[in-house]
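Note that the structure is a prediction, hence the values are computed from the model and not measured. In what follows, chains are A, B, ... by sequence order, proteins preceding strands, each numbered from 1.
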Number of protein chains: 2
Amino acid sequence: MIKAKNVWKIYGRGEAKTIALKNVNVEIKEGEFVMIMGPSGCGKSTLLNILGLLDIPTKGEVYYKGRKTSSMSENERAVFRRKISGFIFQQFHLIKTLTALENVELPMMLDEKDKIYRKKRAKKLLEMVGLGDRLNHYPHQLSGGQQQRVAIARALANNPKIIFADEPTGNLDSKSGLIVMNILKELNEKGITIVMVTHDQELTKYASKIIKLKDGEVVEVIEKAKN
Amino acid sequence: MIKAKNVWKIYGRGEAKTIALKNVNVEIKEGEFVMIMGPSGCGKSTLLNILGLLDIPTKGEVYYKGRKTSSMSENERAVFRRKISGFIFQQFHLIKTLTALENVELPMMLDEKDKIYRKKRAKKLLEMVGLGDRLNHYPHQLSGGQQQRVAIARALANNPKIIFADEPTGNLDSKSGLIVMNILKELNEKGITIVMVTHDQELTKYASKIIKLKDGEVVEVIEKAKN
Ligand SMILES: Nc1ncnc2c1ncn2[C@@H]1O[C@H](COP(=O)(O)OP(=O)(O)OP(=O)(O)O)[C@@H](O)[C@H]1O
Ligand SMILES: Nc1ncnc2c1ncn2[C@@H]1O[C@H](COP(=O)(O)OP(=O)(O)OP(=O)(O)O)[C@@H](O)[C@H]1O
Ligand SMILES: [Mg+2]
Ligand SMILES: [Mg+2]
């Protein structure tokens with residue numbers, strides 16, 4: 001479904017050059033539950049952003065369903081981000097001037113869903129992540145883990161086919177983290193592809209494939225046998 | 001050293017009222033390594049901010065070395081925050097327009113340390129957390145875990161007597177997290193008091209005391225015997 005071929009990401013030049021990704025080749029097949037792991041700073045968020053078409057490689061190519069994404073128009077990329085994928089950011093990126101409910105409604109407004117449907121679905125998603133009593137709170141009125149859960153609910157708003165999750169349980173206690181992993185597991189069982197970055201070794205049991213990065217390179221890919 | 005007595009934190013009023021802390025009584029003795037744990041949204045960051053004099057209770061009192069902090073002048077509170085305590089925030093709060101080095105220098109500038117001393121100490125602290133090659137990067141040029149490590153280095157800049165750490169390993173892989181915990185452990189062995197919020201059960205072995213919160217209340221305090 002998504003393929004990165006000889007992908008490099010290089011920032012700056014000369015003395016100040018940082019190579020975030022070096023010749024990365026990975027494939028995400030439809031329906032997989034892929035986890036990307038590795039030390040802090042090794043390139044996980046960078047790779048996730050490139051696979052999710054939020055960022056472009058310096059060298060190399062990303063293919064979506066066999067098609068070069070570098071030849072997609074900005075409109076096609078926007079459709080991918082709005083209708084096909086859902087993204088949970090490592091630093092949430094909630095809109096500070098919108099309530100939890102409005103933050104979750106936002107992708108549905110961009111997708112022109114009607115008001116009654118949006119409010120109903122946003123409420124249901126927030127209840128699913130345990131925030132039914134925080135609908136009208138603004139981000140600064142929410143705890144770190146509550147903000148993270150709003151970001152998770154928002155990523156699910158438009159029924160995405162692929163979910164990109166950057167450390168979605170980083171600010172959650174084990175019980176809330178389990179609720180989130182169960183949501184992702186159920187979606188995956190319905191055929192939705194999950195690509196998740198995590199530091200938590202405990203969560204590898206949910207993955208069908210684990211990609212390990214170190215210093216911008218893929219050092220190991222572990223494929224689990226289907227049960 | 002720090003005592004919270006009948007502390008309440010209430011936001012809003014009427015229908016929109018949120019009780020973040022209910023009648024909390026806790027004590028942090030000098031030299032302790034205290035961990036505060038509990039579910040997402042239960043009041044940990046709120047309690048840490050109140051113990052660290054960054055926030056004030058709605059009801060109740062916080063004592064520092066036997067003295068009511070509500071009768072401290074704003075200047076005295078500022079001296080506490082600048083000279084005595086070091087704070088690591090759950091969402092880092094780095095200055096976006098300053099490099100990693102400058103962010104770590106900032107508390108020393110506010111404390112009027114000379115330029116040569118500041119640069120040398122800031123560099124040493126960043127090297128200690130593995131960021132020796134990222135000194136001149138801006139926050140947006142750093143990974144989530146790298147930003148967290150800058151926040152940690154910054155909290156240590158003025159040789160604090162008390163360190164308040166809000167989930168300092170939340171964005172770190174186990175190896176970087178271990179480096180951070182070893183830094184805190186060594187400081188604690190030198191007599192520095194640590195008050196840390198964490199979701200990670202694996203880290204409780206470092207604590208001399210564990211305070212468990214649930215729905216804004218203290219539900220359990222576990223004191224470990226001295227070895
Ligand atoms: N300004 C505010 N107005 C209203 N409610 C607030 C405000 N700030 C925090 N809260 C609420 O207070 C409660 C405690 O928040 P706090 O940030 O202390 O939680 P926490 O235990 O640190 O959670 P986490 O583990 O998710 O970081 C939360 O339920 C939150 O919604
Ligand atoms: N705009 C930029 N300019 C220069 N270097 C950058 C920039 N953005 C990221 N980097 C560097 O690229 C590397 C990879 O960053 P990335 O955010 O992908 O790491 P990560 O694996 O997600 O780390 P973490 O686990 O800490 O979140 C880091 O070493 C970072 O310093
Ligand atoms: Mg990252
Ligand atoms: Mg918190």
Heavy-atom distance under 4.5 Å to chain B: side chain of [X], backbone, both or neither?
{"X": "A:S45", "answer": "neither"}
{"X": "A:E167", "answer": "side chain"}
{"X": "A:S40", "answer": "both"}
{"X": "A:Q147", "answer": "side chain"}

Look at atom [atom1] of [X] and say whether more than 12 heavy atoms of other residues, nucleotides or ligands are closer to it than 6.0 Å.
{"X": "B:K123", "atom1": "NZ", "answer": "no"}
{"X": "B:K22", "atom1": "NZ", "answer": "yes"}
{"X": "B:I56", "atom1": "CD1", "answer": "no"}
{"X": "B:K5", "atom1": "NZ", "answer": "no"}

Below 4.5 Å, heavy-atom pairs only: which of B:R149, B:K175, B:Q201 has the largest tally toward chain A? B:R149

Which atom pair, heavy atoms only, marks the closest approach of B:H137 to A:T18? CE1-OG1, 3.3 Å

Report the distance from atom CD of B:Q91 to atom CG of A:N171, rounding to the nearest 0.5 Å. 6.5 Å

Tell me, side chain or backbone of B:Q141 under 4.5 Å from chain A's heavy atoms, or both, or neither?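 Neither part, no heavy atoms under 4.5 Å.
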
Using atom types as modelled and distance alone, determine if a side-chain donor or acceptor of B:D173 lies under 3.5 Å from a backbone N or O of A:H199.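 Not a single qualifying donor-acceptor pair exists.
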
